[in-house]
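First the structure, in the form of structure tokens, and then the observations on it.
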Protein chains: 4
Amino acid sequence: MHTIADICVIPLGVGTSVSREVTVCERILRESGLKTMLHAYGTNVEGEWDDVMAAIKRCHEALHEMGVPRISTNIRIGTRTDKAQTMQDKVERVERRLVEDTL
Amino acid sequence: MHTIADICVIPLGVGTSVSREVTVCERILRESGLKTMLHAYGTNVEGEWDDVMAAIKRCHEALHEMGVPRISTNIRIGTRTDKAQTMQDKVERVERRLVEDTL
Amino acid sequence: MHTIADICVIPLGVGTSVSREVTVCERILRESGLKTMLHAYGTNVEGEWDDVMAAIKRCHEALHEMGVPRISTNIRIGTRTDKAQTMQDKVERVERRLVEDTL
Amino acid sequence: MHTIADICVIPLGVGTSVSREVTVCERILRESGLKTMLHAYGTNVEGEWDDVMAAIKRCHEALHEMGVPRISTNIRIGTRTDKAQTMQDKVERVERRLVEDTL
């Protein structure tokens, strides 16, 4: 099952700055073989369902191993059977419509 | 890895009412052996990480098998290493504080 | 515009336990005149869009005033024009279907 | 109150493709004067809390006026008092750490 997901990992109990923990997760996602795209409130991820979920689990495991006592993650995950679609397709389709509508 | 999660499955392409699809997912979650609690915008789920994620995957698979062409799910998932905590603990702790603060 | 929402407020920089901050928000939501229902990963809220959004803003303001340096909130918010629906309707409809399907 | 948010609007009852509705929302967000960045599972938005929330409300109103009968939106919204931070800061900080850690 192919999926496009978006992942926002929030470590608790490590203070106000969380960029160290976010970077650890970002590296795990990038090294997982999934397509990824970091943005300002999470990371887009594309691939097989099991691979995406395994990468998210590794993020939680890696942060706990580093000593992070608590993690709350928000995941948006989408699947569809009507057509194949990539992360890039989704963005380009909207960008193209925005241009067309102004012509 | 023990987890408390919250799952909101949104089927697309099936019309405005989604209660049939939500009921299918609710049955899958309840039959998964996980602790569950249905609310008005999702379902709380408690158990082992892999069991929670397997149940969510089965929801997507079952809906697609029923003919649902597209699904977008929102998951909140939390893990902690500092103490064991149940769904009931979380609610009771806040309810107790609400009472204490008014005394 | 009538809405049913679900709100999960996560304070950062206050340590691992967040029940004090969650309780402050829960009190704000309950005193806002909205219908509310606390669960293990957030709070269901029902009312007018502006009232719901004003209550969420008060939660952020109140926590910052208490000294919480950073907050990340996840909101699910739904509106529909095809029919009036309450939080209770949504849960009861699924519960009824679960019973009917086993008859 | 300055905020960085991420918004994912899901229209229900309009079929499987939702790019027309997503484009309407994207235009509203861009014309709102907020900083925005479209990605494959939502849109990053930065600005004053009230402006961000007003733009999200206009998205719901505009879609309902177009005939969309039901909408479910997921919002991540963050505020912090310890320092000023932009969407670009957040991404660059993680990107820089990724590079530094490999040196």
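Chain A is the first sequence line, chain B the second, and so forth, proteins listed ahead of strands; every chain is numbered from 1.
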Can you tell me which of N74(D), T86(D), V22(D), D82(D) forms the most heavy-atom pairs within a distance under 4.5 Å of chain A?
N74(D)
Does R76(D) reach the main-chain N or O of Y41(A) with its side chain, forming a donor-acceptor pair under 3.5 Å?
yes
Select one option (side chain, backbone, both, neither) describing which atoms of I77(D) are under 4.5 Å from chain A's heavy atoms.
backbone
By a 4.5 Å heavy-atom criterion (distance strictly below it), what part of M87(D) contacts chain A: side chain, backbone, both, or neither?
both
Give a yes or no on whether E92(D) atom CD has more than 12 heavy-atom contacts from other residues, nucleotides or ligands under 6.0 Å away.
yes
Pairing of E95(D) and R30(A) as salt bridge, 4.0 angstrom limit
yes
Quick one: are S17(D) and R93(A) in side-chain contact, heavy atoms under 4.5 Å?
yes
Do the side chains of H39(A) and D6(D) get nearer than 4.5 Å, heavy atoms only?
yes
Modelled atom types, side-chain donor and acceptor of T16(D) and R80(A), under 3.5 Å
no
Please determine which of L38(A), V18(A), T43(A) meets the side-chain contact (heavy atoms from CB on, under 4.5 Å) test together with V94(D).
L38(A)
Could you pull out the closest heavy-atom pair between S19(D) and R97(A), with the gap in Å?
OG-NE, 3.0 Å
